[in-house]
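Before any comments, here is the structure.
Computed over heavy atoms, backbone and side chain alike; hydrogens, waters and symmetry mates excluded.
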Amino acid sequence: MLSRCPYTHTADVQPDPCADYLALKEVPPVYRDEVLGVWFITGTSQVAELIRHPSLSSAWPERGRTVLHDPADAGEAGHRTSGTVRRWFMFNDGTRHKALRGLVSPLFSTGRLARLRPFVEEQVGDLIGACSGRIDVMAELAVPLSSRVICRVLGLPADLAPRLDGWAQDIAALLVADYLPEASRRGHLALSQIEDAVNTALEGPDLSPDSGLALLKRARDNGGIDEADIPAVAGLIVYAGFETTSTFIGKVVRSVLHAGAWQDLRIADPVTAVEELLRFDTSVRQIARVATSSIAVEGQHIEAGDLVLLMLGAANRDPGVFADPDALQLDRKIKKHLAFGQGQHYCLGAGLARMEVQVILERISATWQDVKLVEPPTTRLHFGIPVLERLELEVS
């Protein structure tokens, strides 16, 4: 069951979505871009080492900068992104990170996901059942499914689901392009609108006691968290829970079609296939850290204050770890990959993302006997962030 990714392509087939960063495999595994003043870490072992390093902090929005960020123009006392984003536990270390992560971790427990799975299966069935010969995977499956699931997890009204896509895209742009005034304005607006929606839901009579917002409300009332932590944690779950999963759903289908592996998918074990698809085109291609003290690695010296990008996607294509890494092998037995990170910041929603995609793979492989692209997938840049916007298929 071996399918090769077609990096060479004809006019009617776009290159693999990984092609834009795979050139990093040709540079040393620890590489400094002297123009941006940023370190790129691309090797699997080096990423695995540094992702757990005590001298690399996740709090890069507090103090991680590039040459694009002019200190003279910096707002909020020179910090990046926004005060709300800087409260996200994924951008904190130590006690605060542990406390907030531990607070919301029950929302993603094995038992909770088992209870959520029938809802996911129902939604997938409805969405796929609504298509008649053609479907835009992004607009008609990935985006609505992920947004409905996150609204369910948090306890937001279902009619808010269509707004999550725009909010998540604008927050994503804020995280990487906050030096652009329009990206900053739109990102702050999205966070403000999420806060308004959260406050409305908290005051409403229909808030489920089993929901994420109810959990956060109880923690606030008990003095466990601050008032500002409620919209901050909710905003993090909207962004990370929706955006990464909806993107991955689209990437899964796109990767299979590019590799010509649809018939392989129909006989593959969904659990095994999902792990290979996570490795092959990682949803979160990179994560940032900022050095708090000097680090020596691979003969290089990362200095305190340096911004470090751990390139998860490139590391998952490391030929020293994965045989024939640029080939999609849906039966590949993977012991470990870096798609969800490692260590104390391992993706809290990894189980939810796996479950959603497994349900989709089970349903579409059983329902769609043959699939072909109607037109090349459409990717657009949103303040420099590539967004898989349209993936239209003809199915039978």
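Between L307 and A288 the shortest heavy-atom distance is CD1-CB, 4.4 Å. Here the shortest heavy-atom pairing between F89 and H345 reads O-CE1, 3.9 Å. Nearest approach of D93 to S57, heavy atoms of both residues: OD2-OG, 2.5 Å. Smallest separation of non-hydrogen atoms from P162 and D159: CD-O, 3.4 Å. Annotation for S208 and A214: closest pair O-CB, 3.2 Å, computed over non-hydrogen atoms. The two residues Q369 and Q263 have their closest heavy-atom pair at O-NE2, 2.9 Å.
With hydrogens and angles ignored, the 3.5 Å screen pairs no side-chain donor or acceptor of D281 with any backbone N or O of K251. In this structure, the side chain of S184 does not engage the main chain of P181 through any donor-acceptor pair within 3.5 Å. Remark: the backbone N or O of T292 is not paired with any side-chain donor or acceptor of S55 at under 3.5 angstrom. Between the E389 side chain and the P377 main chain, no donor and acceptor come within less than 3.5 Å of each other. With hydrogens and angles ignored, the 3.5 Å screen pairs a side-chain donor or acceptor of W262 with a backbone N or O of W368. In this structure, the side chain of N316 engages the main chain of L338 through a donor-acceptor pair within 3.5 Å. Within the 3.5 Å criterion, the main-chain N or O of L278 finds a donor-acceptor partner in the side chain of T282.
You'll find the side chain of D331 reaches within 4.5 Å of the side chain of Q329, heavy atoms only. The side-chain heavy atoms of R279 and P325, taken from C-beta on, include a pair separated by under 4.5 Å. Between D33 and L309 the shortest side-chain heavy-atom distance does not fall below 4.5 Å. Counting only heavy atoms from C-beta outward, the side chains of L100 and N92 never approach each other to under 4.5 Å. In this structure, T378 and E392 have side chains that are not in contact, with every pair of non-hydrogen atoms separated by 4.5 Å or more. Side-chain atoms of V252 and V274, non-hydrogen and from C-beta on, never get closer than 4.5 Å to each other. Side-chain contact between I225 and V233 is absent, with no heavy atoms from C-beta onward closer than 4.5 Å. Under the 4.5 Å side-chain criterion, counting only non-hydrogen atoms from C-beta, S58 is in contact with R289.
For the residue pair E203 and N199, no side-chain donor N or O sits within less than 3.5 Å of a side-chain acceptor on the partner.
At a threshold of 4.0 Å, the pair R87-D226 counts as salt-bridged, since one of the basic side-chain nitrogens sits closer than that to a carboxylate oxygen. The pair R332-D324 does not meet the salt-bridge criterion, since no charged nitrogen lies less than 4.0 angstrom from a carboxylate oxygen. Using a 4.0 Å cut-off between charged side-chain N and carboxylate O, R117 and E362 make a salt bridge.
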Inset, instruction - Start with the C-alpha gap between V38 and V308, add the side-chain angles, then the distance that decides, and say whether side-chain contact (heavy atoms from CB on, under 4.5 Å) holds. - result: CA-CA 6 Å; V38 174; V308 179; over 6 Å; no
Inset, instruction - Show your reasoning for whether side-chain contact (heavy atoms from CB on, under 4.5 Å) applies to R32 and D306. - result: CA-CA 10 Å; R32 179 177 170 84; D306 284 356; 3.8 Å; yes
Inset, instruction - Could you please spell out the steps behind the side-chain contact (heavy atoms from CB on, under 4.5 Å) verdict for F280 and R317? - result: CA-CA 7 Å; F280 185 74; R317 297 289 193 96; 3.4 Å; yes
Legend entry - side-chain contact (heavy atoms from CB on, under 4.5 Å) between L127 and L145, intermediate numbers included: CA-CA 8 Å; L127 291 167; L145 175 65; 3.9 Å; yes
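Legend: side chain to side chain donor-acceptor pair (under 3.5 Å) pairs involving residues 230-250, not counting sequence neighbours, sorted by first then second residue: E243-T247.
A parallel orientation is assigned to the rings of W88 and F91, their planes being inclined by less than 30° (bins at 30° and 60°).
One distance of note links CG of L213 with SG of C151; it measures 10.0 Å at 0.5 Å rounding. Rounded to the nearest 0.5 angstrom, W167 CH2 and L191 CG are separated by 10.5 Å. The NE2 atom of H97 sits 5.0 Å away from atom CZ of R101, with the distance rounded to the nearest 0.5 Å. For the atom pair CD of E121 and CD of Q358, the computed distance is 11.0 Å after rounding to the nearest 0.5 Å. Considering CG of L352 and OG of S146, their distance stands at 8.5 Å, rounded to 0.5 Å. The structure places CD1 of I128 at 5.5 Å from OG1 of T367, a figure rounded to the nearest 0.5 Å.
Using a 4.5 Å cut-off between side-chain heavy atoms of Ile, Leu, Val, Met, Phe, Trp and Tyr, with links allowed through other members, L50 and V47 fall into the same hydrophobic cluster.
For the pair R148 and F242, the cation-pi criterion (under 6.0 Å, within 45° of the ring axis) is not fulfilled.
When each of I171, L154, L160, L156 is checked for a side-chain contact (heavy atoms from CB on, under 4.5 Å) with I194, only I171 meets the rule.
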